[in-house]
Structure formats: C-alpha cells, structure tokens
Amino acid sequence: MKPDEPTWTPPPKDADQPPAELRRILRLFRPYRGRLAVVGLLVGASSLVSVASPFLLREILDTALPQGRTGLLTLLALGMILTAVMNSVFGVLQTLISTTVGQRVMHDLRTAVYTQLQRMPLAFFTRTRTGEVQSRIANDIGGMQATVTSTATSLVSNLTAVIATVVAMLALDWRLTVVSLLLLPVFVWISRRVGRERKKITTQRQKQMAAMAATVTESLSVSGILLGRTMGRSASLTQGFAEESERLVDLEVRASMAGRWRMSTIGIVMAAMPAVIYWAAGMALQSGGPAVSIGTLVAFVSLQQGLFRPAVSLLSTGVQMQTSLALFQRIFEYLDLTVDITEPQNPVRLERIRGEVRFENVDFSYDEASGPTLSGVDVTVPAGAGLAVVGPTGSGKSTLSYLVPRLYDVTGGRVTLDGVDVRDLDFDTLARAVGVVSQETYLFHASVAENLRFAKPDATDEEIEAAARAAQIHDHIASLPDGYDTLVGERGYRFSGGEKQRLAIARTILRDPPVLILDEATSALDTRTESAVQEAIDALSAGRTTITIAHRLSTVRDADQIVVLDGGRTAERGTHEELLRLDGRYAALVRRDTEMAPVAG
C-alpha cells in the first residue's frame with residue numbers, strides 16, 4: 001500500500017450484538033409471496049391428509065374387522081393408500097417450490113452483498129482481507145442455504161402438522177392428549193437454550209472459516225507461493241494453516257455437539273410416550289374410569305407417533321433458526337456498511353467531454369486522527385494539456401489523482417470536469433471521461449482478448465488489434481501460439497511487467513477516455529522496459545488531458561505544467577525549465593534522480 005493511500009476502519013461492533021431482525025429476514029421472501037402461498041396450501045393439505053389415516057385405522061379396528069364388513073374394509077384400506085400417495089405428491093411439489101424460492105433468496109443476497117461491495121471505497125479493500133470478503137459471500141451465505149431453502153418451509157409444515165395432530169388427538173380423547181403434552185413447555189425451554197448456545201459457536205466458527213479462507217487466498221496466490229518459496233517459509237505457512245484448520249475442527253465439533261444430549265433426551269422421552277399412554281389407559285380402566293376402545297387407543301398412539309416427528313423437527317428448526325441468525329447478522333453487517341460515494345439524485349450527464357480538470361482549493365483527509373493529506377490545492381489542467389505531479393513519498397500525489405474519478409471525495413473545495421463538480425456527474429460520465437493506468441496492473445485469469453474487451457465489451461477484433469499496436473504489444477501477442485486467445489494466467493503472471501503495462505495501456509486506449517491518469521505507471525520497470533512502455537504512454541496521451549503521478553522525473557520533463565507537492569500543499573509549480581531555474585524542491589529532486597541514474601541502469 002502506498003504511503004498516501006487511505007485506511008479504512010470497520011464500524012465498531014458491540015460485544016453482544018442484537019440478533020438480526022426477523023422482520024428483515026422475512027422481507028427477503030416478500031418478492032415470492034405467491035409461491036410461498038402455494039407452499040402453504042400444499043402444507044395445509046398434506047397435514048389434513050396425514051391426520052386422516054389414524055381415523056381410518058380406528059374405523060378398521062372398531063367397525064370393519066369386528067363386524068366383518070369387507071366392503072367397508074376395502075374402502076378404508078384404499079383410503080389409507082390414497083393418503084400416502086397424496087402426501088408423497090404434495091411433498092415433492094412442496095420441496096420443488098420451496099427450494100426454488102430459497103435459492104432465489106440466496107441469489108438475491110449474494111447479488112446484494114456483491115453490489116454493496118462494488119460501491120465501497122478503496123479504503124475498505126485496503127483494510128479488509130480478500131479471503132474475509134470471499135468467506136462472507138461463499139461460506140456465510142452458503143451456510144444459510146438450509147435456512148432459506150428448507151427451514152422456513154419445514155417450520156410451517158411442522159407447525160401445521162403439530163396443530164392438526166393435536167386437534168385430532170383432542171377429538172379422539174382429550175384426557176390422553178393432556179397427558180401427552182405435559183412436558184411440551186420443558187422441551188421448548190430446552191430447545192431455546194440449545195439454540196442460543198449454538199448461535200454463539202456458529203459466530204466463532206464463521207469468523208474462523210473467514211480467517212482460514214484469507215490464509216488460503218493469500219498464501220496460495222501466485223505472489224504468495226513465490227514469496228513463501230523464495231523466503232523458505234513453505235513449512236511455516238503449512239504449519240500456520242494446520243493450526244487454523246485445527247481451531248476450525250474444534251469449533252465444528254462443538255457446533256455439532258452443542259445441546260446434543262439435551263435434544264436426545266427430548267427424543268427419548270417422546271419415543272417413550274406411547275408406553276405411557278398405554279399405561280395411563282390401563283390404569284384408568286382398572287380404577288373404574290371411562291373405557292377407551294382398542295381402535296381409539298391405537299389411533300391415538302398412531303397420531304402421537306405422527307406428532308413425534310414434526311414436534312422434534314419443530315424444536316430442531318427453532319435451534320437451527322437461532323443458529324442461522326448469526327449468519328444473517330454477518331451478512332447484514334456488510335449490507336449496512338455506509339457507502340460514502342454515491343450518485344446525486346439528479347446527476348449531470350455530459351455527452352461531449354472536452355477534458356478540462358480543475359482542483360479548486362482542494363482539501364482532503366482520510367480521517368480526523370491522521371490529519372489533512374491535501375490542503376488548499378489549486379491547479380487547472382486545460383483540455384488536452386499535460387500535468388505532472390511530483391513530490392516525496394506521502395506528499396499526496398496519488399490521492400490527488402484519485403479525486404478526479406471519485407475514488408474518494410474531497411473534504412473541502414471541489415474538483416471539476418469541464419466546469420462541473422465531479423460529485424454532480426453521473427457515474428457513467430465519469431467512467432467514460434477518466435482512464436487510469438497505475439503501476440499495479442491487474443489482469444484477469446482470462447484470454448488477452450477478454451482482458452482487453454473488459455474496457456469495451458463490444459470491441460471488434462480489428463479495434464483490439466489497433467489498440468494493441470498503439471500500445472506496442474501487438475507483435476508480442478501475435479508471436480504467441482494462441483495469439484489473442486492466450487490465457488494471461490493468474491494476475492497476468494505469464495507476461496513480464498512491461499508487457500502487462502502495455503496490455504493495460506492497450507485496454508485504456510480501447511476505452512478512449514478524454515482524461516488520462518498515469519499513477520507511477522513506469523516506476524516499477526527497468527530502464528529499458530520503461531523506455532518501451534513510455535513510447536506506448538506517449539501514444540496514449542496524445543490529444544488527451546493527462547495527469548501524471550511521477551516517481552522518475554525523466555518521464556515528466558515535457559509536461560505542460562509540473563506541480564510539486566510537499567505535505568499535501570503546492571510547494572512549486574511551472575515547467576521543467578522554470579522549476580530548474582527556481583532551484584528549489586523540484587531541482588533537488590532532479591539532482592537526486594541524476595545521482596541515482598547509474599544505479600537504476
């Protein structure tokens with residue numbers, strides 16, 4: 001990170017954050033109300049069909065079999081088969097619709113998080129590990145899959161089944177029903193305790209997964225592998241990953257076993273309830289109480305057994321939902337991040353852009369604690385002219401250039417493009433107007449042609465080739481076995497530094513912006529490569545408003561205007577010859593470059 005590059009500090013978080021609002025979670029399903037209504041109808045129908053079987057069974061045992069009514073027996077048996085078929089059909093349809101809705105909700109969440117991150121300032125990404133961002137999108141949202149695809153439906157289905165079954169049990173015998181439900185409040189209390197415990201562990205587990213993902217992303221990138229091997233740290237990196245993985249193993253086991261014995265106790269008690277019912281019915285009969293028919297007793301136990309599965313599932317769903325709140329909370333943290341740079345409500349759109357750039361009494365600071373990075377900068381760059389910004393490390397050179405495309409917004413004064421404050425322009429105008437070539441060239445793991453077309457998706461092959469020729473990289477690309485279809489490799493590692501820079505220049509030429517920012521575009525290159533790249537830059541700069549952030553002063557001698565920054569303020573300005581005659585800071589920088597030239601060569 002450059003010395004004058006910003007830092008970003010995440011918003012403070014309370015030690016014990018409140019759970020994500022259930023209403024906010026439910027709003028995620030609002031666009032799919034119609035499909036969910038169909039699921040609700042299927043659930044209701046399935047529950048009603050399910051409780052019919054025990055009543056049919058009671059009629060078989062109390063009427064059809066004792067009275068030898070074979071016709072009735074046939075109808076009742078066919079009825080039981082039909083309920084099973086209908087339940088299966090309803091179940092398949094319910095799963096299809098609920099899974100589709102759940103996956104759409106996950107898609108909406110992933111897209112919302114990605115969109116939000118695209119709007120975040122650069123400072124956020126300089127302070128956040130890439131693996132952490134990837135983990136939020138992959139692990140956290142992926143971890144919610146069960147909740148959004150099946151848990152909500154399971155909750156409705158099981159709740160409906162429990163209510164329908166309890167009503168049916170009351171219709172059969174209210175006394176046995178009371179005995180069956182005595183322990184229900186205790187079970188609910190236990191499940192809530194288990195849910196809170198698992199939620200805490202889940203939060204810790206997701207943080208550990210994010211840390212491990214960040215470790216993998218950094219150490220297994222091309223740069224990470226090169227650094228690890230050349231520094232002899234491969235073994236220590238492996239050991240560090242093993243320790244991260246070991247911590248995750250512990251958290252996974254704890255998450256799996258949290259409350260397991262308590263939930264098992266609930267299962268044992270509910271499985272033993274039929275024996276209790278038989279015992280209670282027998283004791284009531286022996287003490288002179290009302291007799292219960294065999295058919296009623298068997299039907300009741302069948303209903304109770306049918307109650308067992310949805311009741312336990314309902315308690316487990318409650319535990320799972322509490323656990324999922326931790327994941328929703330982490331996602332909502334990203335969705336609630338403040339976006340500092342936004343498009344105005346009624347933005348200005350420039351159809352024809354001349355390219356005049358003005359910095360009018362510009363002040364900028366990244367935060368109050370660090371103090372001002374820029375203070376009172378007043379510079380005008382006429383359309384088609386070249387401005388060079390030089391100065392010692394940390395003087396605010398790159399920061400000044402970042403203000404033009406609104407990578408950051410000024411904290412005082414204003415930056416204008418053709419007389420319009422850049423904060424009043426729409427984002428499309430800024431994207432068309434300003435092109436940036438920096439020393440840190442980024443190429444996607446795709447073909448050369450695809451990397452160039454990123455600047456102009458509808459570019460023809462002829463336009464791509466013309467841009468490559470202008471950037472003096474066409475001959476090299478043409479010499480490759482696959483030409484423009486050659487994969488550039490991870491971060492472009494199949495190409496040298498100078499080749500990557502020329503590819504970046506070709507990409508910018510293809511976009512054809514009227515304003516060009518060159519942020520130390522040749523500072524990381526050797527002298528011979530710099531000379532080749534500089535020729536491509538000269539071709540790119542012709543006829544454009546150019547702002548060059550320079551480290552090597554040999555690249556800015558021909559600039560129309562040179563501004564020397566020192567401590568965020570304009571220390572000197574003028575042409576190369578004027579500043580040399582002044583014999584001030586710029587002249588001192590030129591002498592330093594001259595003394596270092598033999599070493600650089």
Side-chain angles (χ1 to χ4, degrees), residues 114 118 125 130 134 217 220-226 353 355 405 407 427-546 548-549 555:
Y114 186 86
Q118 283 284 350
F125 297 98
T130 303
Q134 293 174 346
T217 301
L220 293 185
S221 65
V222 175
S223 300
I225 289 293
L226 286 174
I353 302 168
L407 298 179
F427 287 154
D428 181 65
T429 294
L430 275 176
R432 287 186 295 110
V434 185
V436 179
V437 179
S438 67
Q439 70 180 61
E440 298 177 3
T441 301
Y442 186 84
L443 298 175
F444 295 103
H445 184 62
S447 70
V448 172
E450 288 171 318
N451 270 280
L452 296 180
R453 277 200 176 92
F454 189 76
K456 187 180 180 182
D458 59 348
T460 64
D461 291 343
E462 291 74 18
E463 289 175 322
I464 289 176
E465 184 175 325
R469 287 185 185 279
Q472 301 191 28
I473 191 66
H474 168 74
D475 291 343
H476 176 71
I477 297 173
S479 69
L480 299 172
D482 295 324
Y484 283 87
D485 292 326
T486 301
L487 287 176
V488 301
E490 179 71 19
R491 296 183 65 86
Y493 268 87
R494 293 188 63 176
F495 291 83
S496 69
E499 290 163 353
K500 286 192 292 184
Q501 281 290 42
R502 279 176 279 179
L503 283 173
I505 291 169
R507 187 165 57 189
T508 305
I509 290 173
L510 198 60
R511 188 157 183 82
D512 194 24
V515 178
L516 179 65
I517 294 174
L518 303 171
D519 185 8
E520 300 187 359
T522 63
S523 64
L525 306 177
D526 60 78
T527 305
R528 180 179 300 176
T529 304
E530 178 189 359
S531 176
V533 172
Q534 189 61 49
E535 290 182 20
I537 288 177
D538 292 341
L540 173 62
S541 304
R544 306 177 198 273
T545 304
T546 306
T548 304
I549 310 301
T555 62

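The nearest pair of heavy atoms linking Ala506 to Ile473 is CB-CG2, 4.5 Å. Residues Ala459 and Ile464 approach most closely at CB-CG1, 4.2 Å, considering heavy atoms. Minimum interatomic distance between Asn451 and Ala446 (heavy atoms only, all atoms of both residues): ND2-O, 3.5 Å. Scanning all heavy atoms of the two residues, the minimum distance from Leu443 to Lys500 falls at CD1-CG, 3.8 Å.
At least one donor-acceptor pair closer than 3.5 Å links the side chain of Gln501 to the backbone N or O of Ser438. Arg544 places no side-chain N or O within 3.5 Å of a backbone atom of Pro514 that could act as its donor or acceptor partner. Of the possible polar contacts, none joining the Arg511 side chain to the Val434 backbone as a donor-acceptor pair under 3.5 Å is found. A donor-acceptor pair under 3.5 Å is absent between the side-chain atoms of Thr486 and the main chain of Tyr484, judged by distance alone. With hydrogens and angles disregarded, no donor-acceptor distance shorter than 3.5 Å links the side chain of Ser447 to the backbone of Asp485. A donor-acceptor pair is defined here as one N or O able to donate and one able to accept, closer than 3.5 Å; no such pair exists between the side chain of Arg432 and the backbone of Pro513.
At least one side-chain heavy atom of Thr429 sits less than 4.5 Å from a side-chain heavy atom of Ile353. Using a 4.5 Å heavy-atom threshold, the side chains of Glu450 and Phe454 count as separate. For the pair Val437 and Asp519, the minimum side-chain heavy-atom distance is 4.5 Å or more. Here the side chains of Leu503 and Ile505 are not in contact, with every heavy-atom distance at 4.5 Å or above. Counting heavy atoms from C-beta on, the side chains of Asp461 and Arg453 come closer than 4.5 Å.
Rounded to the nearest 0.5 angstrom, Arg502 CZ and Ile509 CD1 are separated by 12.0 Å. The OG1 atom of Thr508 sits 10.0 Å away from atom CG of Leu452, with the distance rounded to the nearest 0.5 Å. In this structure, NZ in Lys456 is found 3.5 Å from CD in Glu463, a value given to the nearest 0.5 Å.
By the 6.0 Å contact criterion, CZ on Phe427 is enclosed, its count of non-hydrogen atoms from other residues, nucleotides or ligands being greater than 12.
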Would you sort out whether Thr545 and Leu516 count as a side-chain contact (heavy atoms from CB on, under 4.5 Å), showing the intermediate values?
CA-CA 6 Å; Thr545 304; Leu516 179 65; over 6 Å; no
For the pair Leu480 and Phe495, evaluate side-chain contact (heavy atoms from CB on, under 4.5 Å) and give the outcome as yes or no after the intermediate values.
CA-CA 11 Å; Leu480 299 172; Phe495 291 83; 3.9 Å; yes
